[in-house]
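Here is the structure we will look at, set down as structure tokens.
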Amino acid sequence: MSTSREHLAQQLAEAVAEALRADLAHQDRALLVVSGGSTPVPFFHALAAKSLPWSRIDVTLADERWVAESASDSNARLVREHLLTAEAAAANFVPLTTDDANPEQGAAVVGERLAGLSWPASMVILGMGDDGHTASLFPDSQELPLALSTEATVVAVRTPSQPQARITLSADRLHQAKRHVLHLNGEGKRSKLAAALSGDDVQALPIRAFLACPLAIYWAP
């Protein structure tokens, strides 16, 4: 791991901890929405080390593959193994999957589960793929127009470029946060972000759905 990426992870963890402390000073509970993948792992470790009133913090995901939590590519497993450790294990983690066979069957239950949390979220931390997707808002997904327009909390997603069915928070729900962060590593991601900033076709690069509102960009080479 490059020292610049480790430093970035520490900076982001400090910003998130400050945001959570600020909100918990005047509300009973605070909500943090995180993303999966390899990029956030050092950030998860750094945040888990922060002294926070973890029992008053809810954590959920921006999106998830419809797999068992024990699966190696489960975002929930990633969060449990790298963030919900030591004192941070006291946080209330809210997963995006059910025992249903597919996300279409489980979406209503997941939506109800999430609706009871303390929205607006204190912070939503997004990532971005090489194709410009964020959460599970993929450019080649038939559900993208729905996910970008619905007021539903979550949307079941199937996309040709991904082997598993997925569930994602809708763009509307992801926008319901006091603070938004985009966490990126590498020159390729910087180039893709530059391309996204130079146009406005959200269908082509779904990350653009979040570039018109205040967005803190955390990037390291």
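Basis for what follows: all heavy atoms, side chains included, without hydrogens, waters or symmetry-related copies.
A distance of 11.5 Å separates CD in Gln105 from CG in Asp99, rounded to the nearest 0.5 Å. Between Thr3 atom OG1 and Gln10 atom CD the span is 12.0 Å, to the nearest 0.5 Å. Interatomic distance, Leu117 CG to Gln176 CD, rounded to the nearest 0.5 Å: 11.5 Å. Taking CG from Asp58 and CG from Asn92, the interatomic distance works out to 4.5 Å, rounded to the nearest 0.5 Å. Taking OG1 from Thr134 and NE2 from His180, the interatomic distance works out to 10.0 Å, rounded to the nearest 0.5 Å. Taken to the nearest 0.5 Å, the CG atom of Leu61 stands 9.0 Å off from the CG atom of Leu169.
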Quick one: side chains of residues 192-207, donor-acceptor pairs under 3.5 Å with protein atoms, not counting sequence neighbours, listed by atom name and distance.
| from | atom 1 | to | atom 2 | distance (Å) |
| --- | --- | --- | --- | --- |
| Lys192 | NZ | Asp130 | O | 3.4 |
| Ser198 | OG | Ala195 | O | 2.8 |
| Asp201 | OD1 | Gln203 | N | 3.0 |
| Asp201 | OD1 | Ala204 | N | 3.3 |

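Following chains of ILVMFWY side-chain contacts shorter than 4.5 Å, one can reach Leu24 starting from Leu31, so the two form part of one hydrophobic cluster. A single hydrophobic cluster is not seen to contain both Val34 and Val67; linkage of ILVMFWY side chains at heavy-atom distances under 4.5 Å, directly or through other members, places them apart. One hydrophobic cluster, built from ILVMFWY side chains closer than 4.5 Å, cannot hold both Phe93 and Val109; they sit in different ones. Placement of Leu148 and Leu182 within a single hydrophobic cluster is found when ILVMFWY residues are connected by side-chain heavy-atom separations under 4.5 Å, directly or transitively.
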Give the intermediate values and the outcome of side-chain contact (heavy atoms from CB on, under 4.5 Å) for residues Asp73 and Gln164.
-> CA-CA 10 Å; Asp73 53 358; Gln164 305 103 333; 2.3 Å; yes

Output, in order, the C-alpha distance, side-chain angles, deciding distance and verdict of side-chain contact (heavy atoms from CB on, under 4.5 Å) for Leu215 and Val181.
-> CA-CA 6 Å; Leu215 180 70; Val181 163; 5.7 Å; no

Going through the distances and angles, do Val94 and Val110 end up as a side-chain contact (heavy atoms from CB on, under 4.5 Å)?
-> CA-CA 9 Å; Val94 183; Val110 175; over 6 Å; no

Step by step, work out the side-chain contact (heavy atoms from CB on, under 4.5 Å) result for Leu47 and Leu52.
-> CA-CA 9 Å; Leu47 183 60; Leu52 289 163; 4.2 Å; yes

Decide yes or no on side-chain hydrogen bond (donor to acceptor under 3.5 Å, both in side chains) for Asp140 and Gln162, but give the supporting numbers first.
-> CA-CA 10 Å; Asp140 61 340; Gln162 301 297 316; over 6 Å; no

Take Lys50 and Glu87, measure what salt bridge (charged side-chain N to carboxylate O under 4.0 Å, His left out) needs, and give me the verdict at the end.
-> CA-CA 8 Å; Lys50 297 294 181 187; Glu87 289 183 18; over 6 Å; no

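Using a 4.5 Å cut-off on side-chain heavy atoms (C-beta onward), Thr153 and Asp172 make no contact. Under the 4.5 Å side-chain criterion, counting only non-hydrogen atoms from C-beta, Phe210 is in contact with Leu137. Contact check for Leu32 versus Ile125: side-chain heavy atoms found under the 4.5 Å cut-off. At a threshold of 4.5 Å between non-hydrogen side-chain atoms, the residues Thr159 and Leu144 do not count as touching.
Sorted by first and then second residue, the ring pair (Phe, Tyr, Trp, His ring centres under 6.0 Å) pairs involving residues 33-88 (not counting sequence neighbours) are His45-His82. Sequence neighbours left out, the pairs with a member in residues 106-123 that pass side chain to side chain donor-acceptor pair (under 3.5 Å) are Asp23-Ser122. Sorted by first and then second residue, the ring pair (Phe, Tyr, Trp, His ring centres under 6.0 Å) pairs involving residues 187-209 (not counting sequence neighbours) form an empty list. Judged as a ring pair (Phe, Tyr, Trp, His ring centres under 6.0 Å), the pairs with a partner in residues 126-157 (not counting sequence neighbours) are, in order, His133-Phe138. Sorted by first and then second residue, the pairs that involve residues 148-163 and meet salt bridge (charged side-chain N to carboxylate O under 4.0 Å, His left out), not counting sequence neighbours, are Glu104-Arg158.
Listed here is the closest heavy atom pair of Gly127 and Ser35: N-OG, 3.7 Å. Of all non-hydrogen atoms in Ile167 and Pro103, the two that sit nearest each other are CB-CB, 4.3 Å. Listed here is the closest heavy atom pair of Val154 and Gly111: CG2-N, 4.0 Å. The two residues Ala19 and Met123 have their closest heavy-atom pair at CB-CE, 3.9 Å. Closest heavy-atom contact between Val33 and Ala121: CG2-CB, 4.1 Å. Looking at every heavy atom in both residues, Ala46 comes nearest to Ala13 through CB-CB, 3.6 Å.
Looking at Arg190 and Glu187, a side-chain N of the basic residue comes within less than 4.0 Å of a carboxylate O on the acidic one, giving a salt bridge. Between Arg56 and Asp28 there is no salt bridge, since none of the side-chain N atoms of the basic residue sits less than 4.0 Å from a carboxylate O of the acidic one.
The closest donor-acceptor contact from the side chain of Thr168 to the backbone of Ser170 lies at 3.5 Å or more, if one exists at all. Panel note: side chain Glu64, backbone Ala76; a donor-acceptor pair is recorded below 3.5 Å. Between the side chain of Arg77 and the backbone N or O of Ser70, at least one donor-acceptor pair lies under 3.5 Å.
Counting heavy atoms of neighbouring residues, nucleotides and ligands inside a 6.0 Å radius, atom CD of Gln27 exceeds 12 of them.
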